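Take a look at the structure set out below.
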Amino acid sequence: MKAPLPREFYLDPPEVVTRRLLGKVLVRRHEGRRLAGRIVEAEAYCGLDDPASHSFIGKTARNAVLFGPPGFAYVYFIYGMHFCMNISCEPEGQPGGILLRALEPLEGLATMAALRGLPANANPRLLTSGPGRLCEALGITRPLHNGMDLTRPRSELRIEDDGFIADAIDASPRIGIRKAADWPLRFALSGNRFVSR
DNA sequence: GGAGCGATGTCCT
DNA sequence: GGACATCGCTCCG
């Protein structure tokens, strides 16, 4: 079993860590099975400097994880039915975060399809292309995973480096927000067909 | 393949 | 009360 990425990986500002995360592999141990997907799309949220960030308003019960140390999962519930997963970055007290928006599924596709309520042979694009979809496909929920340390050895949720080298990266405005809607903080692997939309 | 829209819980701007 | 870092379904072309 590969070691998870270390805490230092997440210590830098959100734009930096978001680019650095593209191509890395999100791994979830779910009922003895390994589910894995390559991060192909993510967005940076720049804390107190960013009106679109959940942490812009200051520390609350919901966003407390973002104010903690880097390398922890911030999972929240949105629109009454979906979970979204972020990773805290920057030193403790600076509430930067990265929203994971799409994965390229690598391992455990049949289990992901089942968790998504789809047939085992479903189009893999429907499994993990979108922030709500990827959480459902990997069984990531707020009660189970909010506040989980992604750097702990054998953590059931972690990020690994499999040696993949990101080629070109595209930057574009973030999806689904109203404030700071034109800031180019959405990053994706160029040409990857699992990028959302 | 795109625009429009309803579903639904949690948290406060 | 209202907003919300979404998704999947219609209806139309």
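Bear in mind that the values here come from a model prediction, so they are computed numbers and not experimental data. Below, read A as the first sequence line, B as the second, and so on, with proteins coming before strands; counting in each chain starts at 1.
To the nearest 0.5 Å, the span separating CE on A/Met148 from OG on A/Ser155 amounts to 5.0 Å. Rounding to the nearest 0.5 Å places CG of A/Asn121 at 11.5 Å from CG of A/Leu109. Interatomic distance, OG of A/Ser196 versus CZ of A/Arg101, reported as 4.0 Å (0.5 Å rounding). Interatomic distance, A/Ile175 CD1 to A/Arg186 CZ, rounded to the nearest 0.5 Å: 4.0 Å. Expressed to the nearest 0.5 Å, how far CG of A/Leu26 lies from CG of A/Leu21 amounts to 9.5 Å. Remark: A/Ile39 CD1 to A/Asn192 CG distance equals 12.0 Å, nearest 0.5 Å.
Note on A/Arg197: nothing from the nucleic acid sits closer than 4.0 angstrom, heavy atoms only. Among the heavy atoms of the strands, none lies under 4.0 Å from A/Phe56. Residue contacts shown for A/Arg142 are limited to sugar-phosphate atoms, with no base heavy atom under 4.0 Å away.
If you take CG of A/Asn146 and P of B/dT10, they are 14 Å apart, rounded to a whole angstrom. Rounded to an integer number of Å, the gap from A/Arg62 CZ to B/dG9 P is 16 Å.
The heavy-atom pair separating A/Gly23 from A/Arg38 by the smallest distance is O-NH1, 2.9 Å. Here the closest heavy-atom approach between residue A/Ala171 and residue A/Pro184 is recorded as CB-O, 4.1 Å. Scanning all heavy atoms of the two residues, the minimum distance from A/Ile177 to A/Ala52 falls at CD1-CB, 3.8 Å. Scanning all heavy atoms of the two residues, the minimum distance from A/Leu99 to A/Cys84 falls at CD1-CB, 3.9 Å.
Residues A/Pro131 and A/Met85 are not in side-chain contact: their nearest non-hydrogen atoms beyond the backbone lie 4.5 Å or more apart.
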Problem - Worked verdict on A/Phe9 versus A/Lys24 for side-chain contact (heavy atoms from CB on, under 4.5 Å) - result: CA-CA 11 Å; A/Phe9 182 93; A/Lys24 301 298 186 286; 4.0 Å; yes
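Within residues 117-131 of chain A, the residues approached by DNA chain C to less than 4.0 Å at the level of any non-hydrogen atom are A/Gly130, A/Pro131, in residue-number order. Looking at residues 17-25 of chain A, you'll see that no heavy atom sits under 4.0 Å from any atom of DNA chain B.
Seen from the ring of A/Tyr45, A/Arg174 counts as a face-on cation partner, given the 6.0 Å and 45° thresholds.
The backbone N or O of A/Phe194 lies less than 3.5 Å from a partner atom in the side chain of A/Ser129, making a donor-acceptor pair. Panel note: side chain A/Arg7, backbone A/Pro70; a donor-acceptor pair is recorded below 3.5 Å.
Mapping A/Glu43 and A/Glu136 onto DNA chain C by nearest heavy atom places A/Glu43 at the nucleotide closer to the 5' end.
Considering only residues two or more places apart in sequence or on other chains, A/Tyr76 meets the ring-ring contact (aromatic ring centres under 6.0 Å, His included) condition with A/His54, A/Tyr74.
Between A/Thr60 and B/dC11 there is no side-chain N or O to OP1 or OP2 distance below 4.0 Å.
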Practice task
Take nucleotides 3-8 of chain B nucleotide by nucleotide from the 5' end and write B, S or -, depending on whether a protein heavy atom sits under 4.0 Å from the base, only from the sugar-phosphate, or from neither.
Solution key: ----BB
Practice task
Dot-bracket for DNA chain C, please, read 5' to 3', with Watson-Crick or G-U wobble pairs under 3.5 Å on both distances, ( ) within the strand, [ ] crossing, | other strand, . unpaired.
Solution key: ||||.|||||||.
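Along DNA chain C, read 5' to 3', the first and last nucleotides having any atom under 4.0 Å from a heavy atom of chain A are C/dC4 to C/dG8.
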